[in-house]
Amino acid sequence: MSKIAQQNSSPGISVIHTQAHASGLQQVPQLVPAGPGGGGKAVPPSKQSKKSSPMDRNSDEYRQRRERNNMAVKKSRLKSKQKAQDTLQRVNQLKEENERLEAKIKLLTKELSVLKDLFLEHAHNLADNVQPTSTENTTASDNAGQ
């Protein structure tokens with residue numbers, strides 16, 4: 001058996017090819033970290049360039065970036081606070097409207113009950129006042145009309 005190691009174009013990673021001549025089998029290449037600190041998290045591309053040249057905290061560029069960042073944070077917090085206040089105001093408006101509507105429902109329910117009672121009382125009075133007519137009177141009146 002023989003091992004052949006090749007360096008990849010990326011620094012810190014070696015590709016190792018292993019071949020077994022006796023059995024004719026070939027293994028899949030393996031990626032192995034070359035440095036002692038291998039196996040850590042990858043650094044996002046946006047942060048890689050910043051790490052290579054550390055900013056001087058006394059520089060004008062650093063102060064400008066910090067000032068812009070602080071303003072952005074303030075703006076974001078104000079926007080969030082305003083949104084929370086708007087939401088609270090809308091909730092209070094909806095609560096008041098709900099209370100008004102519930103009061104209106106109660107009033108209309110009472111009115112319906114009163115009108116229903118009046119209707120039933122009137123219907124009973126009409127039923128009591130109507131006297132059943134005899135079949136003789138009906139027949140006599142029918143004959144008189146002919």
Quiz item: Partners of D117 by salt bridge (Lys or Arg N to Asp or Glu O under 4.0 Å), sequence neighbours excluded?
Solution: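 Result, salt bridge (Lys or Arg N to Asp or Glu O under 4.0 Å) vs D117: none returned.
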Self-check item: Pairing residues for R66 by the salt bridge (Lys or Arg N to Asp or Glu O under 4.0 Å) criterion, not counting sequence neighbours
Solution: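 Applying salt bridge (Lys or Arg N to Asp or Glu O under 4.0 Å) to R66 gives none.
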Quiz item: Within the side chain of S80, is there an N or O that forms a donor-acceptor pair under 3.5 Å with the backbone of S76?
Solution: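 Judged by distance alone, no pair lies under 3.5 Å.
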Exercise. Kindly write out the residues that satisfy side chain to side chain donor-acceptor pair (under 3.5 Å) with E67, not counting sequence neighbours, or none if the list is empty.
Key: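 Per chain and number, E67 pairs via side chain to side chain donor-acceptor pair (under 3.5 Å) with no residue.
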Self-check item: Under the side chain to side chain donor-acceptor pair (under 3.5 Å) test, residues paired with D86 that sit two or more places apart
Solution: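 Result, side chain to side chain donor-acceptor pair (under 3.5 Å) vs D86: Q82.
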Got a list of side-chain donor-acceptor pairs under 3.5 Å for residues 89-104, not counting sequence neighbours?
{"from": "N92", "atom 1": "ND2", "to": "L88", "atom 2": "O", "distance (Å)": "3.4"}

Exercise. Drop me the distance from T109's OG1 to K116's NZ, to the nearest 0.5 angstrom.
Key: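 Between T109 OG1 and K116 NZ, I get 11.5 Å after rounding to 0.5 Å.
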Self-check item: Residues that E121 engages under side chain to side chain contact (heavy atoms under 4.5 Å, CB included), provided they are two or more places apart
Solution: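 Testing E121 for side chain to side chain contact (heavy atoms under 4.5 Å, CB included), a comparison that skips the adjacent residues, returns N125.
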Quiz item: How about V114 and K110: do any of their side-chain heavy atoms sit closer than 4.5 Å?
Solution: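 A side-chain contact is absent here, since even the closest heavy-atom pair is not under 4.5 Å.
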